[in-house]
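Below is one structure, written out as structure tokens; the observations come after it.
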There are 2 protein chains.
Amino acid sequence: MSTATITSDALAQKLADSGLRATPQREVVYSVLLKKRDHPTADEVFARVKPDLPTISLATVYNCLETLVQCDLVRAVNFERGPTRYCPNLQPHAHFHDEQTGKTHDIDLPPEVLEKVSSVLPRGYDAKSVEIIFRGKATKAHN
Amino acid sequence: MSTATITSDALAQKLADSGLRATPQREVVYSVLLKKRDHPTADEVFARVKPDLPTISLATVYNCLETLVQCDLVRAVNFERGPTRYCPNLQPHAHFHDEQTGKTHDIDLPPEVLEKVSSVLPRGYDAKSVEIIFRGKATKAHN
DNA sequence: TTTCTCTTTAGAATAATTCTAATTATCACT
DNA sequence: AGTGATAATTAGAATTATTCTAAAGAGAAA
């Protein structure tokens with residue numbers, strides 16, 4: 001496969017690796033994240049999943065999202081106190097939060113920038129992840 | 001003055017600049033943040049302020065903190081879904097969130113790193129702030 | 001003083017998320 | 001195919017952090 005995303009079988013595999021099952025709910029939640037990559041909230045995912053699985057509950061959506069985050073298939077992103085948003089982009093990237101539109105943009109992070117950022121950590125700090133969030137406004141072109 | 005912090009008069013001045021008054025509540029809340037710079041939550045600030053102002057309410061603590069953030073005297077910091085924490089450090093710095101202890105450490109950000117980070121933004125993205133959060137564990141020495 | 005605005009206060013309301021207990025589905029074995 | 005064990009889903013209650021509301025208090029200005 002050439003993309004960074006994952007087939008349904010591969011999803012099943014990833015889940016199995018963690019001793020978890022591939023359920024319709026998990027598959028649909030994941031596919032919904034892949035289909036429209038606009039960093040939806042749990043509520044938004046809930047709404048998008050319902051046409052396919054009319055009886056799914058919001059709690060299940062939360063459970064599935066949490067599961068996908070645990071399996072490293074999805075990243076959870078938080079802006080201030082807003083609801084958590086979910087992002088299936090597995091490349092290292094920062095987030096740009098547009099205050100006008102409320103939209104979130106992925107910003108690619110070249111390895112050398114990541115490295116420079118990590119270099120600020122004094123001895124004795126062992127980071128296993130870093131999150132970079134810009135806040136500001138983006139021009140029309142980026143809507 | 002040699003420090004990055006601010007006298008009570010200067011606080012009054014900063015507030016006045018925004019058309020706000022220097023109240024005992026605001027002064028005590030601010031002084032509590034300066035005294036113990038461990039990124040307390042609103043609840044923790046509330047507890048620390050009470051000995052001085054036994055009748056203060058939690059809503060007022062939220063109000064004061066918000067006011068100080070508006071005046072650029074304090075930064076609000078969020079980790080995941082946890083409660084907002086407050087930080088009177090005005091220098092550009094990142095945060096390191098120690099998952100073992102729950103403690104938050106300020107990590108100085110040299111200008112050239114800040115610049116490198118900002119350089120990842122494509123044309124058309126106008127960031128007015130950037131927040132960098134590391135997550136991991138710190139050695140004993142940093143407790 | 002009187003008035004006007006800003007601030008504080010207590011408690012109610014809200015929003016997002018997590019928890020609980022019951023049901024349902026799936027798996028591993030026979 | 002049947003049975004028990006385990007995992008997952010569900011609806012609704014509960015929780016947490018925060019914000020809102022309406023009333024009371026305080027300070028500056030007229």
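Proteins come first, then strands; the chains are lettered A, B, ... in the order of their sequence lines, and each starts at number 1. Only heavy atoms go into these numbers, but all of them, side chains included; no hydrogens, no water, no symmetry mates.
Rounded to an integer number of Å, the gap from A/Leu65 CG to D/dA8 P is 15 Å. Summarising the geometry, the separation between CD on B/Glu44 and P on D/dT16 is reported as 15 Å, rounded to the nearest angstrom. A/Lys50 places its NZ atom 13 Å from the C1' atom of D/dT10, with the value rounded to the nearest Å. Between the CZ atom of A/Phe46 and the C1' atom of D/dT10 there is a distance of 10 Å, given to the nearest Å.
Residues B/His93 and B/Arg75 bring a donor and an acceptor atom of their side chains to less than 3.5 Å of each other. Side-chain atoms of B/Arg81 and A/Thr84 include a donor-acceptor pair closer than 3.5 Å.
Counting heavy atoms from C-beta outward, B/Pro110 and A/Val120 have side chains that approach closer than 4.5 Å.
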In B/S/- notation (B base, S sugar-phosphate only, - none; protein heavy atoms under 4.0 Å), nucleotides 4-17 of chain C written 5' to 3' is -BBSSBBB----SB
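With respect to the salt-bridge test (charged N to carboxylate O, under 4.0 angstrom), the residues A/Lys103 and A/Asp98 do not qualify. Note on B/Asp38 versus B/Arg48: salt bridge recorded, some NZ/NE/NH1/NH2 to OD/OE distance being below 4.0 Å.
Ring geometry, A/His95 versus A/His39: the interplanar angle exceeds 60°, so the pair is classed perpendicular (tilted spans 30 to 60°).
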